[in-house]
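Single-structure report; data block below.
Owing to the predicted nature of the structure, the values given are computational and were not obtained by experimental measurement. Note that the numbering runs from 1 along the sequence shown for the chain. One-based numbering, in listed order, for ligands and for the atoms of each. We use all heavy atoms of the structure for the numbers below, so side chains are in, but hydrogens, waters and symmetry mates are not.
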Amino acid sequence: MTEKWDVIVVGAGNAGFSAAQSARQGGARVLLLEKAPRAWAGGNSYFTAGAMRTGHGGLDDLLTLVEPLPADRAGRVDLGPYPAQDFLDDLVRVTRGRTDRELAELLTEESRETMTWLRELGLRFELMFHRQAYEVDGRYRFWGGLAVGVVGGGKGMIEQHLAAAERAGIEVRFDSPVTDLIVDGGAVGGVVLADGSRIEAGGTVLTSGGFEANAQMRAAYLGPGWDLALVRGTPHNTGDGLRMALAAGARPYGHWSGCHSVAWDSGARPTGDRELTNQLTRGGYPFGIVVNSEGRRFVDEGADYRNYTYAKYGAEILRQPGGIAYQIFDARSAPLLRPEEYASEGVTKVESDTLEGLAKQLGLDEGRLVETVGRFNAAIAPGGDFDPTVKDGCRTEGLTPPKSNWARALDTPPYAAFPVTCGVTFTFGGLHIDREARVLDTGGSPLPGLYAAGELVGGLFWFNYPGGSGLTAGSVFGRRAGRSAAGGSR
Ligand SMILES: Cc1cc2nc3c(=O)[nH]c(=O)nc-3n(C[C@H](O)[C@H](O)[C@H](O)COP(=O)(O)OP(=O)(O)OC[C@H]3O[C@@H](n4cnc5c(N)ncnc54)[C@H](O)[C@@H]3O)c2cc1C
């Protein structure tokens, strides 16, 4: 006999759990199907830092959301308001005005209330002192529009989601790859699993991620060379949901040749490491310089706060000869590097008291590296007050590419270099959804019975991405998708 549920959710990451919870709150019996085994629970969401961007009214507002502050820090926090409008402005700016306005407004305006909703479900939040603040003059100054994270990062998030799903009576079934949608008379009525079994439902929500772990699709859509990038997260996001939905008549939408990709330890394995997860990211480059294998700089390391550049600089590294680059710091900049990323197990690192020694170990032309650093040091504009918590204007003059903030001479040994390559995070192209997270067909009408949220939704992110937006988008639209699917299923 064919199994029947009110709502099926395909893919148990943050978007999937959010959709399942909201469908359950809408009174539906919910089945959450996950391709991976239990040991790989959580998709890309597991690999995250758990950082969630939200509009907010400043410290007092966030204190109602997060766990109590550590006693030694309370009263020493500088954290101004980040209105939903600022979140929207940042999204519009980094996507060069291409973000889907309607979806972007929903994301930013509903971000704060969605965080409260998640908290009520059982997720725990904290202020991210370790990632998004620096101690200056005895105060913890937050920067870059991102302040809140899940306690325990991505690992904590999935543990908390699984526990909340169990409390809510949501069945989560692992080792259950969905291979097809049941389409009858133009409406989606459930799914087909890899073993050929069929499960019917009034509403089907796709939350099965992008195609970042599919080398062939990366080469086909992102372009030549992208098959060589390392994958930061789960090996299971191979574009299955996209393929099924497009075959059922869904409309492709958004930046199909674009993705989120970062500077990633060049010694990392081809797909994510469940132990090290996000620690393989190398996000400290605003405080040093980055050179390619010819010893030349190729990006403005200080163009903006890391949160607004890191997601597009992976692609710049991939474009360099051999797809490799080297982040270089000296003894003055090193203390600003996060120990989890730069001083923990598995970090590929080279150190020397001289730049020549550094170049030799890296296999770079010694003279060229010395010349690049010398020209950089000589180009730093006089004056300036170095401050990692603001765009401090400490910059180079007459140098190409420039360094627009946090430019300080690299002249204090020992020097350290970190070889990095391109780590792909998730893909930007996806399905087109409306306000209610209904999947639209090629004619622009809702495909009956089909909803979507998370990474496989297109249109929000183009070229670049404001750090911490992916998880929030998954929850905002997951919540909407679950509500719609529950409503449509009865
Ligand atoms: C290292 C790293 C760090 C990151 N840090 C952050 C951060 O701090 N903040 C932030 O906002 N974003 C971060 N991101 C991005 C973030 O991971 C994504 O935006 C978010 O997790 C997407 O959630 P999702 O639920 O759409 O996808 P996922 O969490 O990837 O879930 C998709 C699920 O679908 C399953 N699936 C795939 N195909 C099928 C199928 N055929 N049948 C059934 N199930 C299927 C997968 O196995 C997976 O479990 C990070 C990503 C990585 C890789």
Side-chain angles (χ1 to χ4, degrees), residues 8-20 31-38 40-54 111 128 131-132 146 148-150 153-154 157-158 161 172-181 191-194 205-214 230-245 259-262 264 268 271-274 276-281 283 307 310-311 314 341 423-428 430 452-457 460-461 465-475 477-478 481:
I8 290 173
V9 180
V10 181
N14 175 59
F17 282 111
S18 300
L31 174 64
L32 182 45
L33 292 170
E34 169 55 49
K35 175 183 184 179
R38 179 77 177 70
W40 277 81
N44 262 359
S45 304
Y46 174 91
F47 289 86
T48 69
M52 295 187 73
R53 183 171 291 255
T54 175
S111 58
M128 287 192 299
R131 302 183 64 84
Q132 293 297 146
L146 179 55
V148 178
V150 179
M157 166 178 255
I158 293 308
H161 264 314
V172 184
R173 213 175 276 175
F174 292 97
D175 293 305
S176 302
V178 171
T179 54
D180 236 324
L181 298 172
V191 300
V192 182
L193 297 181
V205 185
L206 292 175
T207 51
S208 49
F211 61 85
E212 62 274 2
N214 183 329
L230 301 182
V231 176
R232 299 175 70 208
T234 179
H236 296 287
N237 287 358
T238 48
D240 306 354
L242 292 168
R243 177 187 51 75
M244 290 179 246
C259 70
H260 181 305
S261 66
V262 308
W264 191 243
T271 57
D273 181 316
R274 294 275 292 184
L276 298 177
T277 61
N278 197 40
Q279 288 179 35
L280 294 157
T281 303
N307 295 346
Y310 79 112
E341 283 178 24
V424 59
T425 318
F426 68 93
T427 43
F428 289 160
E455 264 178 18
L456 88 172
V457 167
L460 269 175
F461 308 124
Y465 158 102
S469 305
L471 291 173
T472 309
S475 288
F477 293 105

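Atoms CG and OH, on Asn278 and Tyr46 in that order, are 12.0 Å from each other to the nearest 0.5 Å. Here the CZ atom belonging to Phe174 is positioned 13.5 Å from the CH2 atom belonging to Trp40, to the nearest 0.5 angstrom.
Ligand 1 lies out of reach of Thr277, whose nearest heavy atom is not under 4.0 Å from it. At least one heavy atom of Ser469 sits closer than 4.0 Å to an atom of ligand 1. Put simply, part of Gly42 is less than 4.0 Å from ligand 1, judged by heavy atoms. For the pair Gly468 and ligand 1, a heavy-atom separation below 4.0 Å is found. For Tyr465, the closest heavy-atom approach to ligand 1 falls below 4.0 Å.
Note on ring orientation: taking the six-membered ring where Trp is involved, the planes of Tyr465 and Phe428 are parallel (angle under 30°, cut-offs 30° and 60°).
Inclusion of Thr425 in the set of residues having an N or O under 3.5 Å from an N or O of ligand 1 is not warranted. Ligand 1 has a nitrogen or oxygen under 3.5 angstrom from a nitrogen or oxygen of Ala15. Polar contact with ligand 1: present for Glu455 (N/O pair, distance under 3.5 Å). Between Met52 and ligand 1, a contact under 3.5 Å exists for no N or O pair. Taking any N or O of Asn237, backbone or side chain, at least one lies under 3.5 Å from an N or O belonging to ligand 1. Below 3.5 Å of separation, one finds no N or O of Pro177 facing any N or O of ligand 1. Note: an N/O pair closer than 3.5 Å links Gly470 and ligand 1 by distance alone. Distances between N or O atoms of Leu471 and those of ligand 1 include at least one value under 3.5 Å. Ligand 1 has no N or O atom lying under 3.5 Å from any N or O atom of Val10, backbone or side chain. When only interatomic distances are considered, the shortest N/O to N/O separation between Gly209 and ligand 1 does not fall below 3.5 Å.
Of all the listed residues (Trp40, Phe47, Phe461, Phe426), Phe47 holds the heavy atom that lies closest to atom 1 (C) of ligand 1. Which of Val178, Thr207, Val457 comes nearest to atom 32 (C) of ligand 1 through a heavy atom is settled by distance: it is Thr207.
With hydrogens and angles left out, the side-chain atoms of Asn237 and Thr234 include no donor and acceptor closer than 3.5 Å.
A distance-only check finds no donor-acceptor pair linking the side chain of Thr427 to the backbone of Gly210 [under 3.5 Å]. Glu341 contributes a side-chain N or O that, together with a main-chain N or O of Gly283, makes up a donor-acceptor pair within less than 3.5 Å.
The shortest distance between side-chain heavy atoms of Arg53 and Pro466 falls below 4.5 Å. In this structure, the side chains of Ser18 and Asn14 come closer than 4.5 Å at one or more pairs of heavy atoms. Looking only at side-chain heavy atoms (C-beta outward), His236 and Pro37 come within less than 4.5 Å of each other.
Against a heavy-atom cut-off of under 4.0 Å, Leu33 is close to the following atoms of ligand 1: 43 (C), 44 (N). Residue Asn14 approaches ligand 1 through these ligand atoms, each under 4.0 Å from one of its heavy atoms: 25 (O), 29 (O). Atoms of ligand 1 found under 4.0 Å from any heavy atom of Gly13, numbered from 1 in the order shown, are 25 (O), 29 (O), 31 (O). Residue-ligand proximity, Gly50 to ligand 1, at heavy-atom distances under 4.0 Å covers atoms 8 (O). Contact atoms of ligand 1 toward Gly11: 33 (C), 34 (O), 35 (C), 44 (N) (distance under 4.0 Å to a heavy atom of the residue). Against a heavy-atom cut-off of under 4.0 Å, Gly454 is close to the following atoms of ligand 1: 26 (O).
Residues passing the side chain to side chain contact (heavy atoms under 4.5 Å, CB included) test with Thr238 are Lys35, Ala213, Asn214, Asp240, sequence neighbours excluded. With sequence neighbours left out, the side chain to side chain contact (heavy atoms under 4.5 Å, CB included) criterion links Thr425 to Arg232, His260, Val262.
What you find for Ser208 and Leu456 is that their closest heavy atoms are OG-CD1, 3.8 Å. Shortest non-hydrogen contact noted between Gly474 and Ala453 is O-CB, 4.3 Å.
The protein atom (non-hydrogen) at minimum distance from atom 50 (C) of ligand 1 is Thr48 CG2, 3.4 Å. The single protein non-hydrogen atom nearest to atom 28 (P) of ligand 1 is Asn44 N, 3.5 Å, given as residue, atom name and distance. The nearest protein atom to atom 43 (C) of ligand 1, hydrogens excluded, is given as Lys35 N, 3.2 Å; this is a heavy-atom distance. If you check which protein heavy atom lies closest to atom 37 (C) of ligand 1, you get Ser208 O, 3.2 Å. The protein heavy atom nearest to atom 29 (O) of ligand 1 is Ser45 OG, 2.6 Å. Scanning all protein heavy atoms for the shortest distance to atom 49 (O) of ligand 1 gives Glu34 OE1, 2.6 Å. Given atom 9 (N) of ligand 1, the protein heavy atom at minimum distance is Ala51 O, 2.8 Å.
By the criterion of a heavy-atom distance under 4.0 Å, the side chain of Asp240, and not its backbone, is placed next to ligand 1. Neither the backbone nor the side chain of Leu456 has any atom closer than 4.0 Å to an atom of ligand 1 (non-hydrogen atoms only).
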| message | Gln132 vs Asn307, test: side chain to side chain contact (heavy atoms under 4.5 Å, CB included). Steps then yes/no. | response | CA-CA 9 Å; Gln132 293 297 146; Asn307 295 346; 2.9 Å; yes

